[in-house]
Amino acid sequence: MSVVTNTTTIGAIEAPSRRNTELMMLAFAVAVPVFAYINVGLALDGKLPTGVLGYGLGLGLLAAVAHLVVRKFAKYADPLLLPLAVLLNGLGLVLIWRLDQSQRLIQRAEYRWGSFSPDAPKQMLYSAIGIALFVAVLLVLKDHRILQRYTYISMAASLILLVLPMFFPARNGAKIWISLGPINLQPGEFAKIIIAIFFSGYLMVKRDALALASRRVMGLYLPRGRDLGPILVVWAMSILILVFETDLGTSLLFFGLFVIMLYVATERTSWIIFGLLMSAAGAVGVATFEPHVQQRVQFWLNPFAEETWRQSDQIGQALMSFGAGGTLGTGLGQGNSDLIGFAANSDFILSTVGEEFGLAGMMAFLMIYGLIVERGVRTALAARDPFGKLLAVGLSGAFAIQVFVVAGGVMGLIPLTGMTMPFVAAGGSSVIANWALIAILIRISDTARRPAPAPAPSPDAEMTQVVRP
Amino acid sequence: MSELTLTVMRLGFLAVLWLFVIVAVQVIRSDLFGTRVTQRGSRRSADQRPQQTRQPAAPPPQRQQSGSRQRRGAPTKLVVSEGTLTGTTVALQGQTITLGRAHDSTIVLDDDYASSRHARIYPDRDGQWIVEDLGSTNGTYLDRTRLTAPTPIPLGAPIRIGKTVIELRK
């Protein structure tokens, strides 16, 4: 007879704070975009770009401020979230600056609007505002559980944010903007964070009812009719957004987020099946009578058809630039992704990545997004309170859905929707909102990884000896 | 700019980008903390083989010697000498060690005769290690005597819980 002999040594390891690892990774994350910036300059003009010092210092300064705040106020936070976000933001700035240099886009802007204004300085400003919001969230939000108090307020706030764009004129076919004087906002970007707060607060309270009160039919747990209420309401909301704002992206994000969080809260696969069926029914239903959505589907199915090409050659050009990139890419500054024209540096920025970095670079980009989502889910696993768990899953889920919707749309996997690639695409709302999202994740991970306080010394030991008969 | 330089920069950039991803994954790998488990031995048969056929066990890894505070002759580790967990050692670093079938015990006993919270071993103020039975069903034995009160553990004395025997060693 043979037994396993466990000759093992078990020793406790205290949780390290990992701040120095974060600093090292941050230095790396600033160096990579600076290298890319020099690369663009050399490829376009054959000499070192003049702005490289200012650009490097600016990005480095933003990263340093964020790092110091994390070091002071979220000591045990995850060491990777901040460097990954800084890298994406930095590379986004380089790509936008590279597209600003394109003669084609400059001529196009001068022809269309009479003047051309570069987007890179604006994006740098938005990044600075984003970091400021990041710092503010970490300073104000000492404990993520405070957000739980605002469950229903955030429901109201997110509804308002989602409904508001209906009253503003449509831009490029989708009503996702609100304009206050010179400032244009995409409230959907902020709504995704606020709605994650509402869903986590709501599901934390209701999850037992949703998970346990069910009948088993054909191996599936079917929820009771009245428990279907919330999912029906959210579904109806997302259909309304799709119909009235003609925005496929926000609607998908909103509903997908709810289904993910329902699944995580209740551990019932039936919710996912219901969610998929309902979104399929909704999408098909709306696509049959909403002309804007119909058009998007047509563009997606026949990107190279003559009909499509006459109206918008964006998807076709994007697919061509992915193809032109090949495996290793054409090199920074040497692609022709500026042929996309409109929205080349916002919704379609991924095709510049695909063309100039090739498949290899594209995969690296997707890996970096994947790592951010992984750290978010890891944070959810480590979190000790159910609200924090749900919120971390919700925020990383929203991030993941957004990446999927944009990347899928640009690559022709799903119909294109008006959403921006987090951190990389030009656009203020997106960068600012995503920095806030990362700040909340860092706050949750700080709470989750902070070592538990030492238990109070128990007086039992001595007491038993005293009481001994 | 020559074609060669641009090609080198293009491939260099991809290499740097992937290096970042790989370093990030390494950080995740080193981020998995919890309990450190050092495997030292392997399977051996239990049917009374002569001792010399056992694989030579490597010496236990040297813990950080904070011995200046510790008294001479104080035990440094707890060793399971009989039962399914034979060979497991736990370094004694001033923490309370709980034994039982409960999953949050320091040593989780897979033993039909053990209670879920069976006993605990802790240092008193002078650094003397004490074993205390936590109201278990089948009792905790130090040598041959069943414990009724927290008792100091002499070095090398067997503490028996069901089929498991543990002792403190230097």
Side-chain angles (χ1 to χ4, degrees), chain A residues 1-16 18 21-22 24-25 28-29 31-32 35-36 38-39 42-43 45-47 78-80 83-84 87 91 328-334 356-358 360-361 363-365 367-368 371 374-375 378 455 458 460-462 464-465 468, chain B residues 1-2 5-7 9-14 16-21 23-25 27-28 30-31 33-47 54-55 57-58 60-61 63 77 80 84-91 93 95-96 106-107 120 122 124-125 130 132 148-150:
Chain A
M1 171 195 150
S2 161
V3 296
V4 180
T5 313
N6 297 317
T7 41
T8 52
T9 306
I10 301 169
I13 303 172
E14 65 283 10
R18 308 303 304 272
T21 314
E22 184 187 79
M24 189 203 77
M25 290 299 289
F28 198 171
V32 173
F35 180 38
I38 295 172
N39 206 334
L42 287 179
D45 308 328
K47 58 179 192 294
D78 192 283
L80 273 181
L84 291 169
L87 179 73
L91 285 177
L328 293 174
T330 58
L332 267 165
Q334 291 161 282
E356 307 201 338
F357 298 155
M363 287 297 136
F365 257 75
M367 278 294 281
I368 293 167
L371 284 174
E374 193 268 351
R375 290 330 281 167
R378 191 79 228 162
S458 139
D460 287 0
E462 274 101 309
T464 347
Q465 275 176 324
R468 180 165 52 159
Chain B
M1 243 334 96
S2 75
T5 326
L6 288 177
T7 308
M9 287 201 82
R10 169 167 70 104
L11 298 180
F13 180 77
L14 286 179
V16 169
L17 199 59
W18 273 103
L19 187 67
F20 184 89
V21 172
V23 171
V25 173
V27 169
I28 292 179
S30 65
D31 200 50
F33 58 87
T35 42
R36 181 189 317 202
V37 177
T38 323
Q39 286 288 346
R40 283 187 286 109
S42 55
R43 279 164 183 275
R44 73 170 160 134
S45 70
D47 50 6
R54 273 179 68 180
Q55 289 196 334
R63 299 245 146 233
K77 63 178 190 262
V80 181
T84 51
L85 291 171
T86 305
T88 305
T89 62
V90 176
Q93 287 164 328
Q95 82 279 31
T96 298
T106 317
I107 297 180
R120 65 174 176 172
Y122 59 92
D124 70 0
R125 287 201 198 94
I130 310 284
E132 181 189 8
T148 51

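Below, all heavy atoms of this structure are taken into account, side chains as well, without hydrogens, waters or symmetry copies. This is a predicted model, so every value here is computed, not measured. Within every chain, numbering begins at 1; the chains are lettered A, B, ... in the order of the sequence lines, protein sequences first and strands thereafter.
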Undergrad: For B:Leu14 and A:Phe357, work out which heavy atoms get closest and say how close.
TA: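 In terms of heavy atoms, the two residues are closest at CD2-O, 3.4 Å.
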Undergrad: Output all residues satisfying side-chain contact (heavy atoms from CB on, under 4.5 Å) with A:Ala31, sequence neighbours left out; order by chain, then residue number.
TA: none
Undergrad: What heavy-atom pair brings A:Ala364 and B:Val21 nearest, and what distance separates the two atoms?
TA: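 That closest heavy-atom pairing would be O-CG2, 4.1 Å.
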Undergrad: Show the nearest heavy-atom pair for residues B:Phe13 and A:Ala36, with the distance to one decimal.
TA: CE1-CB, 3.4 Å
Undergrad: Can you tell me how far CG of A:Leu332 sits from CG of B:Leu6, rounded to the nearest 0.5 angstrom?
TA: 10.5 Å
Undergrad: About how many Å separate CD of A:Glu374 and CD1 of B:Ile28, when rounded to the nearest 0.5 Å?
TA: 4.0 Å
Undergrad: Contact part of A:Met363 toward chain B, heavy-atom cut-off under 4.5 Å: side chain, backbone, both or neither?
TA: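 Contact with chain B involves both backbone and side-chain atoms of A:Met363.
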Undergrad: Search all heavy atoms of A:Leu371 against all heavy atoms of B:Ala24 and return the closest pair with its distance.
TA: CD1-CB, 3.8 Å
Undergrad: State which residues pass salt bridge (Lys or Arg N to Asp or Glu O under 4.0 Å) with B:Arg10; sequence neighbours excluded, sorted by chain then number.
TA: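 Testing B:Arg10 for salt bridge (Lys or Arg N to Asp or Glu O under 4.0 Å), a comparison that skips the adjacent residues, returns none.
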Undergrad: Determine the option with the most heavy-atom pairs under 4.5 angstrom with chain B, choosing from A:Pro83, A:Gly358, A:Gly329, A:Pro79.
TA: A:Gly329
Undergrad: Answer with side chain, backbone, both or neither: which region of B:Leu11 has an atom nearer than 4.5 Å to a non-hydrogen atom of chain A?
TA: side chain
Undergrad: At a 4.5 Å cut-off on heavy atoms, which part of A:Leu328 comes close to chain B: side chain, backbone, both, or neither?
TA: both
Undergrad: If you compare all heavy atoms of B:Phe20 against all heavy atoms of A:Met25, which two are closest, and at what distance to 0.1 Å?
TA: CE1-O, 3.8 Å
